[in-house]
Structure formats: C-alpha cells, structure tokens
Amino acid sequence: MTALLRLYPRAWRDRYGDEFLALLESKPPDLLDRLDIVRGAVDARLHPQRHSAGAPDPADTTGRTSDRLVGTLVLLGAACLGAVLAIYAASPLVSDGATTYRDGSAAHPFFVAALALLAVGLLRTANHLPSTAEGGRGGAVLAAVFGVLWSLMPWVLILWVVATPGVIAVAVAARRIGIWSGLETGLVLGGLAVSWMALVIVASGLTTLGNDGYASVFLTLTMVWVGVGVGLLRWAPARHPAR
Amino acid sequence: VADIPEFGRFAEPSLYILLSLSDGPKHGYAIMTDVEAISGSSLGPGTLYGALSRLETRGFIEALAPEDRRRPYRLTALGATTLRAQLEQMRGLAQTGLARLGEAGR
C-alpha cells in the first residue's frame, strides 16, 4: 500500500498520506481501486491543489530546494547541448560515396541528456501552474514526451516540430500567471524563434553552411534551456501566493 | 457560487461528498460507504481524495482534528450554500423535464 502512496507527490502525501493509508487498511483495494489510485496519483501530479489549511505548507521549503536542483540540472542540460555541438564539430568526416558528413554519434548521449533535463525542467515548471492553466500543463507533457523522443531519433525533425508548441504553451502560461518574467519568456521564445528561423534558412539552401551550419543553428536552442533553468532558480513560492 | 462543474471528472463525486457531509462530519471510509449507499456505485480511493482535495482547497469542506489517523471532514457554510444551489438547480431541471414529458404524453 505504501508503494501506491509513493505514486503521489510529496506535498500530497504529507497532507493526506496517513488518512489515505487508514482508508486502504479499512477497505483493502481491489484491482479497480488500484487503477483508480494510479489515476488519482496522475491527477495529483498534473493538478496539485493548494491546501487551505491555516498552517504553512512544509512542502514549500522542500519544493524550493527541488526547484533549485532542477533549475541547475536544466542549466547543465544547456551545457550538454553545447557539448553536443563541440563534439560534433570535432567529429571525423565520413564519406559514403554520395555524401560527406560528420560522424557525430559520440555526441548522442549528451543530446539525450540535454533533452531529458529540459523535459524535467518543463514538467517542474508546469507543476507551478494552476490547475486552470491546462494549456501550459498539457504543453509541458507534450514537449517532454516528444522532446525525449526526438533526442532518441534526432533525424526525425517532426518530433521537435510537435514538441515546440508545447514549449511555447508553457512559456506563455508561465508568463501569463506571473511565475516567469520577460527574461525567461524572452529567452525561451527567442531561442525557439531564432533557431527555427536559422534552421529554415539553412534547410532552404539559401546559405552554403552545409552540415556544420545545420548543426550550429541548434546553438541558439540553448537559450530555451537557460530560460527554463533560470525560471526555476528564480521561482520562490512566497513571491507567488496565487499558485 | 456553485463552481463544482469546474471540477471536471470530480464534479459528480464532489456533489455526492457534499451530500454525504450534509448530515454531519465523516472521515474518508464513512464518506465512501455513504456515497455508495446514496448513489448505488462505489467511489474509488483515488477519486475520493481527488475530490476531497478540490473541495477543501476551495473551502467547501474543512478538515477536523484526526481521530486515530482518520481525519473527519465537515461541510463549511460555503459548501452548504453550494450544495443547496446545486440541488435547487437539479430540482428545477427535473421539474422542467417532467413537465415537458407530461405535456408530450398528453
């Protein structure tokens, strides 16, 4: 039963854990109940409620620490993305007869790490959005899922095309409710806009940058990581009582 | 006053919970058995606590001191007003529907 309880967020467990376990002891859950509990845990993570009990929520301090940790990890993700480009640029040129390209496979683990850390940051940011901000919350899940998929298959650019509106939705929602300032929003939206514009220009053949140019446009994407990371580092529950 | 419909899939369980608490405080297990008696269908633990947390957050119910790990909840004045408004709305809907069915049957 405690395993089921662990599916719920810490703040939820702190508030309802004891009575929830007492309920499960009174009425041991059958299969349908267990599925209902899993569904409830997903809901609790997607729609955290602000508890109205008079005492301050002790989870806030823990949450603040987690925000700093996740924010730092997202900035580390930006460094991973930089490492991807550095490794790619230093990779040997390979020719298959028809085309010549760089074998950047050594950079792939860093690319996966970068996207995974961004996903964690976006989901953590969405956790601070109110339950009414469904667009932002859904966008975070969309961006996290498709972003990680893209990291596994970077040649399938459509995955990032799908993830991009999710990132935008998070940025817009976070700005709208005031947990992000213009700095974080500008970094994220600017990073996306510049990288996509550069990508379109390179892909359209208007430049002769070739593969290296195609890869370097992603450098502007690090702005997205920096925006999300800074947003979490600057987040303070006390400044945002409307959460 | 009544924003229970905003609760999404928790709207109906929340209404049953308010109804269950209308005759006095109850803890989770007592609410669950009472709702089953009222509605004829069981309320899963995850749904029960998803609805309880929403109702508590919006001030429709309040938690009392725990009794041996079980925490009773009671209806607040806002919760009672909301429940009454919901029931009045349902009564109006039922009366309208029955009247129209009666007219159609003649």
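Below, chain A is the first sequence line, B the second, and so on; all start at residue 1.
Under the salt bridge (Lys or Arg N to Asp or Glu O under 4.0 Å) criterion, B/Asp68 pairs with no residue at all, not counting sequence neighbours. Residues passing the ring pair (Phe, Tyr, Trp, His ring centres under 6.0 Å) test with B/Tyr49 are A/Tyr16, A/Phe20, sequence neighbours excluded.
The candidate with the highest count of non-hydrogen atom pairs below 4.5 Å against chain B, out of A/Leu35, A/Ile37, A/Val38, A/Asp43, is A/Asp43. Of the listed residues B/Thr47, B/Leu48, B/Leu52, the one with more heavy-atom pairs under 4.5 angstrom with chain A than any other is B/Thr47. When the candidates B/Gly44, B/Gly28, B/Gly46, B/Ser42 are compared by the number of heavy-atom contacts under 4.5 Å with chain A, B/Gly46 comes out ahead.
Atom CD of B/Glu12 is surrounded by 12 or fewer heavy atoms from other residues, nucleotides or ligands within 6.0 Å.
Annotation: side chain of B/His27 is not in contact with side chain of B/Pro66 (no heavy-atom distance under 4.5 Å).
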